[in-house]
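Every chain is numbered from 1, with letters handed out A, B, ... down the list of sequences.
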Amino acid sequence: MTVRAGTRSLDDVLALGVVEAARALVGFTVVHEGVAGVIVETEAYHEREPACHAHVGATARTHILFGPPGTAYVYRSYGIHALLNVVVEPRGVGAAVLVRALDPVDGVEAMCTRRGCEDPEALCSGPGKLTQALGIGLERNGTDLRDGPIVLLPPEGAPPALVASARIGITRAADLPWRFSAAGSRYVSKPWPPGLDAPRPTRPRSV
DNA sequence: CATGGGATTGACT
DNA sequence: GTCAATCCCATGC
């Protein structure tokens with residue numbers, strides 16, 4: 001069996017360290033109950049740095065992060081949003097990749113219904129938006145991402161080029177360049193990563 | 001048991 | 001640009 005050059009299976013990616021896994025997961029497709037999108041942005045979190053939930057050790061909330069790689073870690077953010085992470089690194093090491101944005105590809109109509117029929121570019125352009133669009137809630141916490149109901153499929157073609165920048169919305173370890181966005185994608189979250197120009201500026205920049 | 005803080009989003013000045 | 005919504009859970013008394 002030959003595999004296309006440049007493609008990696010989910011198991012290959014899960015064997016990587018968290019930062020490399022965050023890079024490699026851009027281009028994978030997230031499927032949930034007939035709705036799907038291609039990952040265009042991720043962030044890496046590791047127990048060694050204080051922005052990671054696992055930094056406090058294994059607790060009722062964080063023990064999933066210390067479990068086997070390939071598990072979903074879904075938690076409630078600001079009391080409102082569910083955020084989806086892919087647990088990586090071997091058992092005993094707390095680390096995960098936050099899925100921050102998707103390019104919607106299947107079930108766009110269902111996503112629009114859940115999200116209130118927004119512009120397709122705004123449907124999944126944030127970690128709280130994409131879980132709402134895909135119908136992923138806290139009940140998916142701890143589920144196996146190989147078996148579903150959430151499934152991760154490898155890229156069909158070459159993985160996209162990436163832009164690295166600082167992680168969003170954190171106060172600690174905010175300098176680490178562990179946010180990875182598909183270069184040129186219109187579906188990434190805001191603020192736009194440096195080096196990624198906003199599409200079609202409506203007027204020339206004043207000088 | 002009470003309290004405070006978010007890996008966010010959308011609405012508003 | 002500012003700000004509130006809303007709830008799980010880590011922490012401290």
Side-chain angles (χ1 to χ4, degrees), chain A residues 17-23 25-26 28 30 37 39-67 69 71-89 93-102 104 111-143 145 150 152 162-182 186-193 198 205-206:
Chain A
V18 66
V19 176
E20 278 308 303
R23 301 179 61 100
L25 282 171
V26 177
F28 272 67
V30 182
I39 298 175
V40 294
E41 187 169 286
T42 62
E43 284 176 1
Y45 288 86
H46 190 281
E47 60 171 314
R48 286 268 313 196
E49 45 87 14
C52 183
H53 291 176
H55 188 65
V56 299
T59 65
R61 180 199 203 189
T62 66
H63 72 277
I64 296 288
L65 291 167
F66 294 84
T71 306
Y73 171 59
V74 185
Y75 75 98
R76 188 167 299 293
S77 174
Y78 291 93
I80 301 169
H81 309 287
L83 270 55
L84 172 66
N85 296 252
V86 179
V87 173
V88 296
E89 304 263 353
V93 179
V97 175
L98 170 68
V99 180
R100 278 197 64 87
L102 305 177
M111 295 190 203
C112 284
T113 300
R114 292 190 179 114
R115 295 258 316 133
C117 242
E118 295 188 34
D119 180 333
E121 293 183 12
L123 271 183
C124 298
S125 60
K129 296 178 182 180
L130 69 92
T131 53
Q132 183 186 16
L134 270 61
I136 294 172
L138 298 192
E139 71 278 3
R140 299 303 184 223
N141 189 37
T143 60
L145 292 169
I150 306 171
L152 289 177
L162 300 179
V163 176
S165 57
R167 296 176 297 181
I168 300 300
I170 56 172
T171 56
R172 299 181 295 184
D175 53 317
L176 292 175
W178 285 3
R179 176 196 189 196
F180 302 104
S181 309
R186 305 184 305 274
Y187 300 97
V188 300
S189 68
K190 291 175 183 175
W192 299 92
R205 202 172 298 271
S206 56

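For B:dA7, there is no paired base (Watson-Crick or G-U wobble, both distances below 3.5 Å). Look at C:dT6: it lacks any Watson-Crick or wobble partner with both distances under 3.5 angstrom.
Partner of A:Tyr45 under the side chain to side chain contact (heavy atoms under 4.5 Å, CB included) criterion, out of A:Val88, A:Val19, A:Ile170: A:Ile170 alone.
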*Sugar-phosphate atoms are those with a prime plus P, OP1 and OP2; base atoms are the rest. Using that split, label each nucleotide of nucleotides 3-13 of chain B B, S or - for protein heavy atoms under 4.0 Å, 5' to 3'.*
---BBBSS---
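Spacing of C1' atoms, C:dG1 relative to B:dA7, comes out at 23 Å, to the nearest Å.
Between the side chains of A:Ser189 and A:Arg179, at least one donor N or O sits under 3.5 Å from an acceptor N or O. Donor-acceptor pairing under 3.5 Å is recorded for the side chains of A:Gln132 and A:Arg115.
With a 4.5 Å cut-off on side-chain heavy atoms, A:Asn85 and A:Val97 do not count as touching.
Here A:Leu145 contributes atom CG and A:Phe28 contributes atom CZ; the two are 11.0 Å apart, rounded to the nearest 0.5 Å.
One interatomic measurement links the two molecules: CG of A:Asn141 to C1' of C:dC7, which rounds to 15 Å at whole-angstrom precision.
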*side-chain contact (heavy atoms from CB on, under 4.5 Å) between A:Glu47 and A:Leu65: does it pass, once the steps are laid out?*
CA-CA 9 Å; A:Glu47 60 171 314; A:Leu65 291 167; over 6 Å; no
